[in-house]
Chemist: 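Quick one: this structure, given as structure tokens, is what I'll be asking you about.
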Amino acid sequence: MRILFDSKLSQFKSPFGTLKPGEACRLRVDIPVSCRTVKAEVVFLRDDALTEAFRAPLAKTDANELYEAWSGEVSLPAAGLYFYYFFITTQNEAFRLYKQGNDTNMEAGDLWQVSCVEDRFPAPEYAKGAVMYQIFPDRFYAEGRCDCTGKLQPYWVHEDKNDVPVYLPDENGKVWNNDFYGGNLAGIREKLSYLQELGVELLYLNPIFFAFSTHRYDTCDYGRIDPMLGTEEDFRALCMDAHARGMKVILDGVFSHVGSRSRYFQDAISNPDSRYRSWFDFKHYPDSYTSWWGITDLPCVKKDNEDFIRYIIDDEDSIAVHWLRAGADGWRLDVVDELPDRFVLRLRERIRKEKPDALLIGEVWEDASNKIAYGVRRRYFTDRELDSVMNYPWQKEILRFVRGDADGADLGERMMTLAENYPADVLACVMNILSTHDTPRAINALLDPKDGDRAELAKRHFSDAELSRGKELLRMAAFLQFTLPGIACIYYGDEAGMTGYRDPFNRRYYPWGQEDESLQEFYRTLAKLKKTLPALRRGDVTVIEAGGGRLLFLRRQENQTLYVCCNKAAEPWELNVQGELLLGGNLLSVLPGRVRLGSGGYCLATR
């Protein structure tokens with residue numbers, strides 16, 4: 001008989017998930033009577049060096065013929081990440097009890113985790129369970145022609161919007177990323193009606209500031225809109241129209257590095273007395289410097305440099321504040337792992353002072369609650385630095401499950417792990433993605449996840465039958481994306497059926513006039529359900545069944561409970577559904593109180 005403890009179940013730990021400083025938490029461990037336990041304790045370790053913080057005694061509170069329940073109430077003294085295990089003393093021995101999967105194990109295994117989070121900077125209500133749309137500005141829509149005076153040379157603009165983005169290096173082996181399609185801010189503004197009809201509430205724009213490349217992650221001037229996109233007046237007009245339609249606008253903040261052609265770096269290398277020289281880490285001035293991942297076109301900025309911090313954050317008209325005043329509603333922080341906690345928290349405090357409901361999202365590819373970056377345990381949630389992070393862990397498992405590479409057990413476990421590790425308001429705002437500018441389009445990831453070099457990827461194409469299957473798989477993946485807690489983020493064109501392997505093939509121009517209208521309508525339906533059902537918007541999540549190709553979880557908010565079911569098993573799955581069927585796909589039969597899902601079937605129903 002094993003010792004029983006599962007931190008995800010209320011009978012063993014209550015409340016579920018994260019705690020606040022001083023908040024009471026009841027822990028219980030069930031130990032077989034045969035162990036003849038005389039003492040039980042829970043030992044908490046600090047997150048830094050896993051040194052013991054304190055231990056709390058447990059008392060025998062209940063017993064039956066097989067088990068004794070040892071329980072006690074504990075509270076954590078200060079914000080931080082804590083790990084814990086149990087220390088049990090019997091009449092014959094003493095041992096430590098660790099976590100092993102969802103089970104327990106003596107003297108070997110993992111530690112349980114609990115975050116203690118500051119009670120400040122709550123995530124804004126409008127972002128909880130919202131529908132987001134990510135736009136790569138050059139590739140969405142072009143309205144009119146912008147004045148490109150001052151645009152960094154060389155560059156060229158595709159005459160045919162159906163062209164494949166340039167992917168081959170030149171004769172010197174350099175990929176320039178300087179082929180444009182002319183998408184601009186006026187084009188986004190022109191398509192706000194389309195986005196509103198789609199159900200979009202948040203617009204997330206990839207970088208829009210003056211830069212050389214098409215992706216614009218090589219910022220040349222944080223204070224200026226790239227001329228090919230338009231002007232600051234165009235941005236203000238876009239924000240004003242978006243706000244009138246109930247939409248918020250989120251900008252991409254690239255503060256870990258700049259472009260080598262930026263006005264800051266160029267001044268630093270040409271003027272030894274430049275104020276910007278101290279922003280950069282010169283190994284040998286002026287020709288050797290620290291750059292992002294060794295890419296010399298992207299010199300790193302010293303994020304602890306006070307002059308840089310004042311420029312970005314603290315000045316009266318700092319970059320972060322200026323664009324909020326111009327109409328932006330928040331920032332997504334590119335490679336936030338490379339920004340010190342001090343920088344992120346200072347930015348957080350400044351933008352919330354300027355705009356109390358400003359949203360701050362971080363690009364994190366792992367579980368952000370326990371992330372270690374560059375040898376430092378990050379405090380994204382314990383210090384309430386971020387409202388949200390990009391949810392790559394769920395993206396990976398959704399795609400594996402829908403593709404048929406996993407049976408659902410890993411997805412179910414990952415769902416509940418993040419639900420336990422993330423503060424509830426953060427989970428309600430977590431940025432759920434299927435595709436991004438950094439990953440292959442969802443259809444490609446579902447049909448053909450194999451990577452290759454760009455020349456080889458350019459030759460891969462799907463048949464009509466394959467593409468039809470890919471869209472069906474996308475429907476299930478999007479169904480999960482929209483029914484899970486958090487923000488459902490549509491990467492521009494996914495709803496139209498766009499395909500594309502990794503960069504730059506995932507950044508093609510939106511196929512206006514060639515969209516899959518049925519798929520668009522499916523996304524509209526998902527967005528409507530997300531917006532109108534309180535349990536999808538802000539409800540908690542509980543996995544009931546995960547494995548064997550089946551996934552069933554509940555979303556609950558106050559008096560509303562929803563069943564979310566997906567079947568990837570070969571055989572049909574019959575479910576008892578006493579409430580209303582709200583949405584379904586590949587349903588073999590729908591009878592009073594029963595729904596039969598075929599392989600690839602899914603449904604959303606009320607309890």
Chemist: Before you tell me yes or no, could you show the steps for F83 and V114 under side-chain contact (heavy atoms from CB on, under 4.5 Å), namely the whole-Å CA-CA distance, both residues' side-chain angles and the distance that decides it to 0.1 Å?
Modeler: CA-CA 6 Å; F83 297 94; V114 61; over 6 Å; no
Chemist: Over all heavy atoms of both residues, which pair between R352 and P124 is shortest? Give the atoms and the distance, please.
Modeler: NH2-CD, 3.4 Å
Chemist: With heavy-atom distances below 4.5 Å as the criterion, would you say the side chains of N206 and F140 are in contact?
Modeler: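 Side chain of N206 against side chain of F140, heavy atoms only: no contact under 4.5 Å found.
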Chemist: For the residue pair S388 and C429, what are the closest heavy atoms and their distance?
Modeler: OG-O, 2.6 Å
Chemist: Is there side-chain contact between Q134 and T436, with at least one heavy-atom pair below 4.5 Å?
Modeler: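 When only atoms from C-beta onward are counted, T436 and Q134 do touch, with a gap below 4.5 Å.
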Chemist: Can you tell me how far apart CZ (R350) and NZ (K355) are? Round to the nearest 0.5 Å.
Modeler: 13.0 Å
Chemist: Applying side-chain contact (heavy atoms from CB on, under 4.5 Å), can you list everything that pairs with P340, at least two apart in sequence or on another chain?
Modeler: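 Applying side-chain contact (heavy atoms from CB on, under 4.5 Å) to P340 gives K303, F343.
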Chemist: Do other residues, nucleotides or ligands put more than 12 heavy atoms under 6.0 Å from R607 CZ?
Modeler: no
Chemist: Quickly, which of V254, D252, L360 forms a side chain to side chain contact (heavy atoms under 4.5 Å, CB included) with L333? Name it, please.
Modeler: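 Result for side chain to side chain contact (heavy atoms under 4.5 Å, CB included) with L333: L360.
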Chemist: Under 3.5 Å, is there a donor on one side chain and an acceptor on the other for S193 and E197?
Modeler: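 Judged by distance alone, the side chains do not pair up.
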Chemist: Using a strict 4.0 Å threshold on nitrogen-to-oxygen distance, state whether E118 and R379 make a salt bridge.
Modeler: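 So E118 does not pair with R379 through a salt bridge.
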Chemist: For S518 and R475, test the side chains for any donor-to-acceptor distance below 3.5 angstrom and give the result as yes or no.
Modeler: yes
Chemist: Could you go through residues 575-587 and list every donor-acceptor pair under 3.5 Å that involves a side-chain atom there, pairing it with any protein atom two or more places apart or in another chain?
Modeler:
unit_1	atom_1	unit_2	atom_2	d
N586	ND2	S599	O	2.6

Chemist: For a 4.5 angstrom cut-off between non-hydrogen side-chain atoms, does S7 reach E420?
Modeler: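 The answer is yes, as the side chains (C-beta and beyond) meet within the 4.5 Å cut-off.
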Chemist: Between N370 and Q113, is there a side-chain donor-acceptor contact under 3.5 Å, judged purely by atom types and distance?
Modeler: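 Distance-only check passes for Q113 and N370.
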Chemist: Give the ring-plane orientation class for Y82 versus F44, where under 30° counts as parallel, over 60° as perpendicular and anything between as tilted.
Modeler: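 The rings of Y82 and F44 stand perpendicular, inter-plane angle above 60°.
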Chemist: Residues two or more places apart in sequence or in another chain: which of them pass side-chain contact (heavy atoms from CB on, under 4.5 Å) with V543?
Modeler: M415, M416, A546, F553
Chemist: Within this structure, what is the CE-CD1 distance for the pair M476 and I398, rounded to the nearest 0.5 Å?
Modeler: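 These two atoms lie 11.5 Å from each other.
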Chemist: Step by step, would you call D387 with V426 a side-chain contact (heavy atoms from CB on, under 4.5 Å)?
Modeler: CA-CA 5 Å; D387 293 304; V426 171; 5.9 Å; no
Chemist: Given side chains that start at C-beta, do those of P15 and E23 come closer than 4.5 Å, heavy atoms only?
Modeler: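 P15 vs E23: side chains touch.
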Chemist: Run the side-chain contact (heavy atoms from CB on, under 4.5 Å) test on L386 and F121 for me, step by step, so that the C-alpha distance in whole Å, both residues' side-chain angles and the decisive distance to 0.1 Å come before the verdict.
Modeler: CA-CA 9 Å; L386 299 173; F121 298 138; over 6 Å; no
Chemist: Taking only Lys NZ, Arg NE, NH1 and NH2, and the carboxylate oxygens of Asp or Glu, determine whether D407 and R400 approach each other closer than 4.0 Å.
Modeler: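 No, this pair does not count.
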Chemist: Does some side-chain heavy atom of C603 sit less than 4.5 Å from a side-chain heavy atom of L597?
Modeler: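 Yes - at least one pair of side-chain heavy atoms lies under 4.5 Å apart.
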Chemist: Enumerate the ring pair (Phe, Tyr, Trp, His ring centres under 6.0 Å) contacts for residues 347-390, please, sequence neighbours excluded, ordered by first and then second residue.
Modeler: W365-Y392, F381-Y422
Chemist: With sequence neighbours excluded, what pairs up with D103 under the side-chain hydrogen bond (donor to acceptor under 3.5 Å, both in side chains) test?
Modeler: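 Partners of D103 under the side-chain hydrogen bond (donor to acceptor under 3.5 Å, both in side chains) test: R2.
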Chemist: Can you tell me how far the CG atom of L519 sits from the NZ atom of K471, to the nearest 0.5 Å?
Modeler: 6.5 Å
Chemist: Under the side-chain hydrogen bond (donor to acceptor under 3.5 Å, both in side chains) test, which residues partner R377, sequence neighbours left out?
Modeler: none
Chemist: Output the distance between atom NE2 (H322) and atom CD (E354), rounded to the nearest 0.5 Å.
Modeler: 11.5 Å
Chemist: Between T606 and Q560, is there a side-chain donor-acceptor contact under 3.5 Å, judged purely by atom types and distance?
Modeler: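 There is no such pair (donor and acceptor under 3.5 Å, judged by atom type) between the side chains of Q560 and T606.
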Chemist: State which residues pass side-chain hydrogen bond (donor to acceptor under 3.5 Å, both in side chains) with D119; sequence neighbours excluded, sorted by chain then number.
Modeler: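 For D119, no residue satisfies side-chain hydrogen bond (donor to acceptor under 3.5 Å, both in side chains) once neighbours in sequence are set aside.
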Chemist: About how many Å separate CD of E397 and CG of D410, when rounded to the nearest 0.5 Å?
Modeler: 5.0 Å
Chemist: Check the angle between the aromatic planes of F86 and Y84 and answer parallel, tilted or perpendicular using the 30° and 60° thresholds.
Modeler: perpendicular
Chemist: Using a 6.0 Å cut-off, check whether atom CZ of R245 has over 12 heavy atoms from anything other than its own residue.
Modeler: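 Yes, the 6.0 Å shell around CZ holds more than 12 heavy atoms from other groups.
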Chemist: Measure from NZ or CZ of R332 to the centre of the six-membered ring of Y204 and say whether it is under 6.0 Å with the direction within 45° of the ring axis.
Modeler: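 The answer is no; the distance or angle limit is not met.
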Chemist: Should D314 and I309 count as side-chain neighbours, where that means a heavy-atom distance under 4.5 Å?
Modeler: yes
Chemist: Please check if the distance between the ring centroids of W394 and F401 is under 6.0 Å.
Modeler: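 Here the rings of F401 and W394 have centres that are no less than 6.0 Å from each other.
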Chemist: To the nearest 0.5 Å, tell me how far K396 NZ sits from L434 CG.
Modeler: 15.5 Å
Chemist: Only one of L604, L484, L526 forms a side chain to side chain contact (heavy atoms under 4.5 Å, CB included) with L536, so which one is it?
Modeler: L604
Chemist: Can you pull out every side-chain hydrogen bond (donor to acceptor under 3.5 Å, both in side chains) where at least one residue sits in residues 527-552? Sequence neighbours excluded, please.
Modeler: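 Sorted result for residues 527-552: E125-R538, E201-R537, T542-R556.
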Chemist: Tell me if the centroids of the rings in W323 and Y222 come within less than 6.0 Å of each other.
Modeler: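 Distance test on ring centres: not under 6.0 Å, no.
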Chemist: May I have all residue pairs that pass side-chain hydrogen bond (donor to acceptor under 3.5 Å, both in side chains) and include part of residues 476-500, sequence neighbours excluded?
Modeler: Y133-E495, Y194-E495, S435-D494, R441-D494, E495-Y510
Chemist: With under 30° as parallel and over 60° as perpendicular, where do the rings of F482 and Y523 fit, or are they tilted in between?
Modeler: perpendicular
Chemist: Looking at side-chain heavy atoms only, is the closest gap between I188 and L205 below 4.5 Å?
Modeler: yes
Chemist: Identify, with sequence neighbours excluded, every residue that meets side-chain contact (heavy atoms from CB on, under 4.5 Å) alongside P393.
Modeler: N391, R414, L418
Chemist: Any chance you could lay out the salt bridge (Lys or Arg N to Asp or Glu O under 4.0 Å) test for E349 and R120, step after step, and finish with the verdict?
Modeler: CA-CA 10 Å; E349 291 170 342; R120 59 174 179 166; 3.7 Å; yes
Chemist: Taking side chain as C-beta onward, heavy atoms only, is I313 less than 4.5 Å from I351?
Modeler: no
Chemist: Using a strict 4.0 Å threshold on nitrogen-to-oxygen distance, state whether E366 and K371 make a salt bridge.
Modeler: yes
Chemist: Output all residues satisfying side-chain contact (heavy atoms from CB on, under 4.5 Å) with Y98, sequence neighbours left out; order by chain, then residue number.
Modeler: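 side-chain contact (heavy atoms from CB on, under 4.5 Å) list for Y98, sorted by chain: Y85, R96, L111.
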Chemist: Return the set of residues passing side-chain hydrogen bond (donor to acceptor under 3.5 Å, both in side chains) with D405 (not counting sequence neighbours), or none when no residue passes.
Modeler: R403
Chemist: Scan side-chain atoms only and decide if H215 and D503 contain a donor-acceptor pair under the 3.5 Å cut-off.
Modeler: no
Chemist: Charged N to carboxylate O below 4.0 Å: is that the case for D383 and R378?
Modeler: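 The answer is no: the pair does not qualify as a salt bridge.
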Chemist: Before you tell me yes or no, could you show the steps for L192 and L203 under side-chain contact (heavy atoms from CB on, under 4.5 Å), namely the whole-Å CA-CA distance, both residues' side-chain angles and the distance that decides it to 0.1 Å?
Modeler: CA-CA 10 Å; L192 286 178; L203 293 179; 3.8 Å; yes
